[in-house]
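Supplied in structure tokens, the structure appears directly below.
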Amino acid sequence: MLAIFDRYQVRQQQKIYWYYKLQATEPIFEQTKDPQKKSKYKHLGRAFCEEHITAVVQVVRRSQIDELERTINSLTNSLIDLYYDGESEIIPDKLD
């Protein structure tokens, strides 16, 4: 499930406040009022608040896991290619 950061602004009494949220392609986040329902958005608050930092760390960790999975899959495919390519080669008789 893909979740991205989004920054939005709120204007109040001639001041501008910036807030952050996570946005998913499908509803995956529990709603605060009704935990049974899911939402596409999770509001994180202002920059560098605890929820914002936690979300940044989680997204970075997910990106690292995804990259490791891609690397493992690539190495597995390479190993399979080497194994099957080796079967097709003719092994010469031993020279005594």
Side-chain angles (χ1 to χ4, degrees):
M1 192 61 42
L2 179 65
I4 60 170
F5 280 100
D6 192 18
R7 184 174 84 153
Y8 63 98
Q9 66 176 228
V10 176
R11 296 172 185 245
Q12 291 181 347
Q13 301 172 357
Q14 299 178 347
K15 290 185 180 180
I16 298 174
Y17 298 96
W18 288 96
Y19 294 98
Y20 291 84
K21 64 181 175 182
L22 279 175
Q23 182 174 341
T25 53
E26 295 178 23
I28 59 171
F29 303 111
E30 289 183 2
Q31 292 184 2
T32 53
K33 294 180 182 177
D34 186 1
Q36 301 297 333
K37 293 183 180 179
K38 303 289 183 183
S39 172
K40 288 186 185 182
Y41 309 99
K42 179 177 181 180
H43 296 277
L44 304 172
R46 297 169 65 177
F48 302 109
C49 70
E50 187 174 340
E51 279 196 58
H52 178 250
I53 292 171
T54 301
V56 169
V57 169
Q58 290 172 343
V59 168
V60 168
R61 189 177 302 134
R62 180 76 250 170
S63 297
Q64 291 170 337
I65 290 169
D66 290 344
E67 184 61 33
L68 285 171
E69 287 176 345
R70 282 192 294 274
T71 301
I72 289 169
N73 289 338
S74 176
L75 289 171
T76 302
N77 289 336
S78 296
L79 183 60
I80 290 169
D81 289 345
L82 283 173
Y83 177 75
Y84 285 113
D85 283 348
E87 281 186 352
S88 65
E89 292 177 12
I90 300 172
I91 301 172
D93 292 334
K94 281 186 167 181
L95 298 174
D96 290 67

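Only heavy atoms go into these numbers, but all of them, side chains included; no hydrogens, no water, no symmetry mates.
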Counting only heavy atoms not in Glu50, do more than 12 fall under 6.0 Å of its CD?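 No.
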In Å, rounded to the nearest 0.5 Å, how long is the span from OG of Ser39 to CD of Gln23?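 It comes to 9.5 Å.
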Could you tell me whether the side chain of Tyr19 reaches within less than 4.5 Å of the side chain of Arg7, counting heavy atoms only?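 Side-chain contact under 4.5 Å: no.
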For Pro35 and Glu30, which heavy atoms make the closest approach, and how far apart are they?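 Scanning both residues completely, I find the closest heavy atoms to be O-CG, 3.8 Å.
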Between OG1 of Thr76 and CD of Glu69, what distance do you get to the nearest 0.5 Å?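 Interatomic distance, Thr76 OG1 to Glu69 CD, rounded to 0.5 Å: 11.5 Å.
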Between Phe5 and Ile53, is there a shared hydrophobic cluster once you connect ILVMFWY residues whose side-chain heavy atoms come closer than 4.5 Å?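 Result: no, two separate clusters.
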Within-4.5 Å side-chain heavy-atom neighbours: Tyr41 and Asp6: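 No, every pair of side-chain atoms sits at 4.5 Å or beyond.
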Mind checking whether Leu44 and Val60 sit in one hydrophobic cluster, side chains of I, L, V, M, F, W, Y counted as touching below 4.5 Å?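 Yes, one cluster joins them.
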Looking at Asp66 and Arg70, is there a salt bridge between them, counting it only when a charged N and a carboxylate O are closer than 4.0 Å? no
Measure the NZ-NE2 distance between Lys21 and His52 for me, rounded to the nearest 0.5 Å. 13.5 Å
Distance-minimising heavy-atom pair for Tyr8 and His43: OH-ND1, 3.1 Å
Close side-chain approach of Lys42 and Glu51, heavy atoms under 4.5 Å: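 Yes. Closest side-chain heavy atoms under 4.5 Å.
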Within a radius of less than 6.0 Å around NZ of Lys40, do more than 12 heavy atoms belonging to other residues, nucleotides or ligands occur?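 For Lys40, atom NZ is not crowded (no more than 12 foreign heavy atoms under 6.0 Å).
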Quick one: does Leu79's side chain get under 4.5 Å of Leu75's, heavy atoms only?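 The answer is no, as the side chains (C-beta and beyond) never meet within the 4.5 Å cut-off.
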